[in-house]
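For ligands, and for the atoms within them, numbers begin at 1 and follow the listed sequence.
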Amino acid sequence: MKVYMEILRPVNAIMAVVSVLLVALIGWEFDLRVLVACFVVFIATGAGNVINDYFDYEIDAINRPQRPIPSGRIRRGVAGAYGIGLFILASALGFYLGPLPGFIVVGSSLLMIYYAHTLKRKCFIGNLVVSFLTGLSFVFGGLIVGETVKAAYIGFYAFLMTMAREIIKDMEDIEGDKMEGATTLPIKYGHRIASIIAATFMLIASLTSPILYTINIFSILYIPILSIAIIVFLKAAFKILKDPRKETAGEVSKQIKIGMGITFIAFALGSRTITRIILGIIFT
Ligand SMILES: CC(C)=CCC/C(C)=C/CC/C(C)=C/CC/C(C)=C/COC[C@H](O)COP(=O)(O)O
Ligand SMILES: CC(C)=CCC/C(C)=C/CC/C(C)=C/CC/C(C)=C/COP(=O)(O)OP(=O)(O)O
Ligand SMILES: [Mg+2]
């Protein structure tokens, strides 16, 4: 039974849920619709991961043999049916939230299937799709709580940083991807160029991210925690530039995920109501 949870990649799915919760924190709205939206994003992201593993079983046998399908802990056909079932459930719940959320869930689900089947193997476009979907989870939350514009700004930063991480993951996965005839960025242009492009995304996102304070989305409390995340991202960028090997790519991909986690804390503490609560505690 554990394998049914493992194949959803719950850490990723929970991170996607956190993106909805963070937007709910900004709008300070917590009701049944937010709960359903969190559940929808969890299931949709999980289903995307399951379908991804369904199509990637040959690549994963080389790149990630410990995963549920290549390790033989779940049959490929069962995983496929499980993924489709979850997409249908997420879409039905999406329409419970309204026509637009419903169509977004259906569109995202189809895009995740198309990504896993075809786009993943194409240079850059596959990275764009995953990064777009990651940014979209903030916008989805924004639609539910009526904070679409603020959510779109934050989603844009999630998009930039995910672009960096996806390119770095392609550097890590180069062997299996080559066997499958994929034409990812590092396969087509080499590790050096891929590392420069990934680092550029990281640098642009990190160095411009204080804008979210200057345009009043977050309070000043956002800045000190964000600074820690920026240090993590900058260290990751310079590490991959200095040593663009597969092994380093694996380490840098993990570092970026840690940086993303720290950014989540910056977003939460920088949201107006949480800031007010914290300052209230400090000054009373
Ligand atoms: C500087 C600044 C403000 C950066 C923003 C960074 C930020 C907030 C990123 C958000 C990332 C986010 C919402 C992640 C959710 C988790 C997720 C769906 C990630 C996409 O992952 C796809 C990936 O290929 C799965 O790989 P793996 O993690 O190796 O299993
Ligand atoms: C807004 C709604 C309803 C959903 C958004 C759902 C989200 C957040 C999607 C983010 C992207 C994501 C995690 C998609 C899942 C499948 C996927 C693309 C996994 C990455 O696969 P590979 O590129 O094969 O990398 P691996 O080597 O880790 O398998
Ligand atoms: Mg995969």
task: Measure up the Phe218 and Phe267 rings against each other and bin them: parallel (under 30°), tilted (30 to 60°), perpendicular (over 60°).
output: parallel
- prompt: Parallel under 30°, tilted from 30 to 60°, perpendicular over 60°: which one fits the rings of Tyr4 and Tyr82?
  reply: perpendicular
field: Residue that, paired with Glu251, satisfies salt bridge (Lys or Arg N to Asp or Glu O under 4.0 Å) out of Lys257, Lys239, Lys169
entry: Lys239
- prompt: Listing residue and atom name, which protein N/O/S atoms are closer to the Mg ion (ligand 3) than 2.8 Å?
  reply: Asn52 OD1, Asp56 OD2
- request: Output yes when Asp31 and Arg33 qualify as a salt bridge under the 4.0 Å nitrogen-oxygen rule, no when they do not.
  value: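 A salt bridge is absent here (no side-chain N lies under 4.0 Å from a carboxylate O).
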- prompt: Only one of Asp173, Asp177, Asn127, Ile167 clears side-chain contact (heavy atoms from CB on, under 4.5 Å) with Thr184; which?
  reply: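 With Thr184 as partner, Asp173, Asp177, Asn127, Ile167 yield a single side-chain contact (heavy atoms from CB on, under 4.5 Å), made by Asp177.
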- request: Sort out for me which residue in Leu35, Val36, Ile43 forms a side-chain contact (heavy atoms from CB on, under 4.5 Å) with Phe39.
  value: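 That would be Ile43; it is the only one of Leu35, Val36, Ile43 passing the side-chain contact (heavy atoms from CB on, under 4.5 Å) with Phe39.
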query: Val11, Met161: one ILVMFWY side-chain cluster at the under-4.5 Å cut-off?
result: no
query: More than 12 foreign heavy atoms under 6.0 Å from NZ of Lys246: is that the case here?
result: yes
- prompt: Does CZ in Phe264 sit with more than 12 non-hydrogen atoms of other residues, nucleotides or ligands closer than 6.0 Å?
  reply: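 Yes, enclosed.
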Could you pull out every N or O of ligand 1 that sits under 3.5 Å from a protein N or O, with the distance for each pair?
| residue | atom | partner | partner atom | Å |
| --- | --- | --- | --- | --- |
| ligand 1 | 24 (O) | Glu166 | OE1 | 3.3 |
| ligand 1 | 24 (O) | Glu166 | OE2 | 2.8 |
| ligand 1 | 24 (O) | Lys169 | NZ | 2.8 |
| ligand 1 | 26 (O) | Lys169 | NZ | 2.4 |
| ligand 1 | 28 (O) | Asn12 | OD1 | 3.2 |
| ligand 1 | 28 (O) | Asn12 | ND2 | 3.2 |
| ligand 1 | 28 (O) | Arg165 | NH1 | 3.2 |
| ligand 1 | 28 (O) | Arg165 | NH2 | 3.0 |
| ligand 1 | 28 (O) | Lys257 | NZ | 2.6 |
| ligand 1 | 29 (O) | Arg165 | NH2 | 3.1 |
| ligand 1 | 29 (O) | Lys169 | NZ | 2.9 |
| ligand 1 | 30 (O) | Arg9 | NH1 | 3.1 |
| ligand 1 | 30 (O) | Asn12 | ND2 | 3.1 |

Need the list: ligand 2 N/O atoms against protein N/O atoms, distance under 3.5 Å, rounded to one decimal.
| residue | atom | partner | partner atom | Å |
| --- | --- | --- | --- | --- |
| ligand 2 | 21 (O) | Asn52 | OD1 | 3.2 |
| ligand 2 | 21 (O) | Asn52 | ND2 | 3.0 |
| ligand 2 | 23 (O) | Tyr115 | OH | 2.4 |
| ligand 2 | 24 (O) | Asn52 | OD1 | 2.9 |
| ligand 2 | 24 (O) | Asn52 | ND2 | 3.0 |
| ligand 2 | 24 (O) | Asp56 | OD2 | 2.8 |
| ligand 2 | 24 (O) | Lys120 | NZ | 2.6 |
| ligand 2 | 25 (O) | Lys169 | NZ | 3.4 |
| ligand 2 | 27 (O) | Arg64 | NE | 3.4 |
| ligand 2 | 27 (O) | Asp173 | OD2 | 3.2 |
| ligand 2 | 28 (O) | Arg9 | NH1 | 2.9 |
| ligand 2 | 28 (O) | Arg67 | NH2 | 3.1 |
| ligand 2 | 28 (O) | Lys169 | NZ | 2.6 |
| ligand 2 | 29 (O) | Arg9 | NH2 | 2.9 |
| ligand 2 | 29 (O) | Asn52 | OD1 | 3.0 |
| ligand 2 | 29 (O) | Arg67 | NH1 | 2.8 |

query: Hydrophobic cluster mates of Phe103, side-chain heavy atoms under 4.5 angstrom, ILVMFWY only, any path?
result: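 Result for Phe103 is Phe95, Val106, Leu110.
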query: Given the rule in the side chain to side chain contact (heavy atoms under 4.5 Å, CB included) test, do Glu147 and Phe138 qualify, once you have shown the distances and angles that lead to the verdict?
result: CA-CA 10 Å; Glu147 292 284 6; Phe138 285 93; over 6 Å; no
Check: Ile228 and Pro224 side chains under 4.5 Å, non-hydrogen atoms: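 Side-chain contact under 4.5 Å: no.
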message: For the backbone of Ala249 and the side chain of Ser253, can you confirm whether one donor and one acceptor N or O come within less than 3.5 Å of each other?
response: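 Checking the backbone N and O of Ala249 against the side chain of Ser253, no donor-acceptor pair under 3.5 Å is found.
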